[in-house]
**Student:** 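A single structure is presented below for examination.
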Amino acid sequence: MINKTDEYYMGLALKLALKAKGKTSPNPLVGALVVKDGKIIGKGFHAKAGLAHAEIVALDEAGNNTKGATLFVTLEPCAHTGRTPPCVNRIIQSGIKEVVVGMIDPNPLNNGKGVLLLKQGNIKVKLGVLNEQLRKINEGFIKYIATGIPFITVKVAESLDGRIATFTGDSKWITSDKSRVFAHKIRNDYDAIMVGVNTVLRDNPRLNAVSSQRQLVKIIIDSNLSTPENANIFSGQSKVIIVTLPSRPGQETENRKSLSAKAIVLEVKEKDGQINLRDALKKLARLKISNIIVEGGGTLIGSLFDERLVDKILFFISPKIIGGKNAVSSVMGKGVKRVDQAIKLGELKIRRFAEDLLIEANIK
């Protein structure tokens with residue numbers, strides 16, 4: 001039975017983990033506390049891949065006072081050597097008497113091994129404290145490590161009737177200033193931002209993150225390599241990846257050569273004459289991209305839904321009616337044949353920004 005004290009301390013460790021939100025990928029968010037005689041004597045969080053894990057930071061802060069203490073950690077301590085040594089060895093050596101673990105590490109390299117080694121080291125282990133909340137903050141890591149595919153969030157700014165542009169292509173601005181400011185801040189939580197080439201051609205966006213310290217990878221889905229070499233997306237220092245189809249023999253174009261000098265041209269498999277999105281995501285994951293926010297356009301978003309590759313939606317809805325059968329819809333693609341095949345959402349979270357509504361939900 002989980003008692004209130006365990007939940008309280010794990011809640012504090014969770015808050016510590018969130019201090020590094022958007023900075024640890026491809027690693028998870030992890031926080032840790034060392035508690036002795038009801039007092040916190042050490043705390044830490046994993047700040048960035050390659051830096052010390054949360055447990056080690058907390059143990060370092062606690063110093064030589066760890067004998068007989070309890071360690072609260074949001075994720076199972078690692079038992080393997082990666083960029084850093086195994087955390088379980090240090091925990092056992094520290095004299096910690098009990099470790100309270102929020103969630104088991106989904107990484108197959110660990111996945112229960114850390115808990116086993118702690119028990120073999122005569123340390124009491126308690127599992128599952130705030131497990132669901134912790135799985136939520138690490139949903140991107142869990143998907144990435146378990147499937148080898150990045151976690152995909154679709155962000156849309158649309159009218160009440162589901163349009164992202166008029167029949168003339170005009171799209172500025174459908175939602176309010178407050179919505180757009182918040183939408184830009186969200187980018188800081190992701191490794192990469194993805195758009196289709198039509199969005200680049202129509203809107204010529206920069207797709208920069210709000211934070212000047214955040215280098216957001218920019219991804220363009222462009223089967224024919226029609227991205228202009230002077231497009232705004234190449235501004236700044238961020239890495240740009242253009243996902244395209246393989247060139248056929250004798251068809252190496254000048255545009256491909258010039259774009260290769262500015263971006264990573266990532267060739268993927270073909271499906272029905274178009275880019276195989278699942279193959280594209282697998283190859284992006286191999287580049288250590290664990291989560292992606294997709295910001296347009298309707299064709300790309302529709303295709304991702306058709307392939308059941310979307311994990312989460314963020315729909316900003318403005319109380320405007322655009323109308324017109326030739327206006328651009330936020331979700332295009334093939335769609336479903338029957339209503340009972342429609343993609344269903346989990347629990348909705350609804351917020352308001354000026355006159356707009358933001359609907360946030362995970363895909364069931």
Side-chain angles (χ1 to χ4, degrees), residues 18 21-23 25 136-137 139-140 150-166 169-221 231-233 235-236 238 240 289-302 304-305 309-320 322 327-332 345-363:
L18 287 173
K21 189 175 182 181
K23 301 174 183 176
S25 184
K136 182 66 178 175
I137 70 168
E139 59 187 3
F151 187 89
I152 302 298
T153 298
V154 163
K155 194 224 83 178
V156 165
E158 65 176 15
S159 63
L160 192 60
D161 56 337
R163 310 296 188 172
I164 58 174
T166 69
D170 182 47
S171 60
K172 292 182 172 53
W173 295 101
I174 292 176
T175 53
S176 67
D177 290 344
K178 287 187 177 181
S179 291
R180 293 197 299 277
V181 168
F182 184 75
H184 275 75
K185 286 182 179 179
I186 291 171
R187 293 176 180 175
N188 291 325
D189 296 338
Y190 292 86
D191 295 342
I193 181 169
M194 177 187 285
V195 296
V197 68
N198 287 337
T199 297
V200 175
L201 295 173
R202 184 185 68 232
D203 299 335
N204 198 19
R206 295 183 182 276
L207 301 182
N208 293 324
V210 173
S211 171
S212 60
Q213 299 177 344
R214 186 82 168 100
Q215 296 300 319
L216 191 70
V217 178
K218 304 172 186 179
I219 303 169
I220 310 170
I221 303 298
N232 286 337
I233 202 167
S235 64
S238 295
V240 178
I289 295 173
S290 66
N291 54 74
I292 300 170
I293 185 164
V294 181
E295 295 199 3
T299 300
L300 171 60
I301 289 171
L304 287 166
F305 276 114
L309 293 170
V310 180
D311 300 291
K312 183 177 181 177
I313 60 107
L314 295 166
F315 274 44
F316 291 86
I317 302 174
S318 175
K320 298 171 183 172
I322 290 176
V328 185
S329 297
S330 59
V331 181
M332 298 174 76
L345 304 178
E347 183 179 354
L348 300 183
K349 183 177 181 181
I350 301 175
R351 283 179 278 180
R352 188 165 184 169
F353 294 90
E355 70 270 22
D356 303 332
L357 293 179
L358 167 61
I359 296 179
E360 177 180 347
N362 282 52
I363 305 298

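The shown structure was predicted, so the numbers you read here are calculated from the model rather than taken from an experiment.
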**Student:** Taking all atoms of both residues into account, what is the closest heavy-atom pair of Ala165 and Ser171, and its distance?
**Tutor:**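 Taking Ala165 first and Ser171 second, the nearest heavy atoms are CB-CB, 4.0 Å.
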**Student:** Measure the CG-CZ distance between Leu358 and Arg351 for me, rounded to the nearest 0.5 Å.
**Tutor:** 5.5 Å
**Student:** Is there a donor-acceptor pair closer than 3.5 Å between any side-chain N or O of Asp161 and the backbone N or O of Ile322?
**Tutor:** yes
**Student:** Quick check against the 3.5 Å criterion: does Arg352 have a side-chain atom that pairs as donor or acceptor with the backbone of Ala354?
**Tutor:** yes
**Student:** Do Thr199 and Glu295 pass the side-chain contact (heavy atoms from CB on, under 4.5 Å) test, and can you show the C-alpha distance, the side-chain angles, and the key distance before you say yes or no?
**Tutor:** CA-CA 9 Å; Thr199 297; Glu295 295 199 3; over 6 Å; no
**Student:** Does one side chain, of Asn208 or Lys218, offer a donor that lies under 3.5 Å from an acceptor on the other?
**Tutor:** yes
**Student:** Between Asp191 (side chain only) and Ile289 (backbone N and O only), is there a donor and an acceptor less than 3.5 Å apart?
**Tutor:** no
**Student:** For Lys136, I'd like to know if atom NZ has over 12 heavy atoms of other residues, nucleotides or ligands within 6.0 Å.
**Tutor:**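 It does: Lys136 NZ has more than 12 such atoms within range.
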**Student:** On a heavy-atom basis, which atom in Ser159 and which in Lys320 lie closest, and how many Å separate them?
**Tutor:**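 Scanning both residues completely, I find the closest heavy atoms to be CB-O, 3.2 Å.
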**Student:** Could you pull out the closest heavy-atom pair between Gly298 and Ile164, with the gap in Å?
**Tutor:**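 For Gly298 and Ile164, the tightest heavy-atom pair comes out as N-CD1, 3.8 Å.
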**Student:** State, to 0.1 Å, how close Ile292 and Tyr190 come at their nearest heavy-atom pair, and which atoms those are.
**Tutor:** C-CD2, 3.7 Å
**Student:** Name every donor-acceptor pair, under 3.5 Å, that has one atom in a side chain of residues 310-318 and the other anywhere in the protein, sequence neighbours excluded.
**Tutor:**
{"from": "Asp311", "atom 1": "OD1", "to": "Lys143", "atom 2": "NZ", "distance (Å)": "3.2"}
{"from": "Asp311", "atom 1": "OD2", "to": "Lys143", "atom 2": "NZ", "distance (Å)": "2.7"}
{"from": "Asp311", "atom 1": "OD2", "to": "Ile152", "atom 2": "N", "distance (Å)": "2.8"}
{"from": "Lys312", "atom 1": "NZ", "to": "Glu360", "atom 2": "OE2", "distance (Å)": "3.1"}
{"from": "Ser318", "atom 1": "OG", "to": "Ile174", "atom 2": "O", "distance (Å)": "3.0"}

**Student:** Identify the two heavy atoms, one from Arg187 and one from Leu216, that lie closest to each other, and give their separation to 0.1 Å.
**Tutor:** O-CD1, 3.5 Å
**Student:** Between Arg163 and Ser330, is any side-chain donor less than 3.5 angstrom from a side-chain acceptor?
**Tutor:** no
**Student:** Starting from the C-alpha separation in whole Å, work towards a yes-or-no answer on side-chain contact (heavy atoms from CB on, under 4.5 Å) for Asp203 and Lys172.
**Tutor:** CA-CA 9 Å; Asp203 299 335; Lys172 292 182 172 53; 4.0 Å; yes
**Student:** What distance do Ile301 atom CD1 and Ser329 atom OG have between them, rounded to the nearest 0.5 Å?
**Tutor:** 11.0 Å
**Student:** Could you report the tightest heavy-atom contact between Met332 and Val328, atom names first, then the distance?
**Tutor:** SD-CG1, 4.3 Å
**Student:** side-chain hydrogen bond (donor to acceptor under 3.5 Å, both in side chains) with Ser176: which residues, sequence neighbours excluded?
**Tutor:** Ser179, Asp356
**Student:** What is the distance from atom OG1 of Thr153 to atom CD1 of Ile363, rounded to the nearest 0.5 Å?
**Tutor:** 9.5 Å
**Student:** Roughly how far, to the nearest 0.5 Å, is the CZ atom of Phe151 from the CG atom of Leu309?
**Tutor:**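 Answer for the CG-CZ pair, Leu309 versus Phe151, is 12.5 Å.
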**Student:** Just how far is it from atom CG of Leu348 to atom CD1 of Ile359, taken to the nearest 0.5 Å?
**Tutor:**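 Spacing of CG (Leu348) from CD1 (Ile359) equals 6.5 Å.
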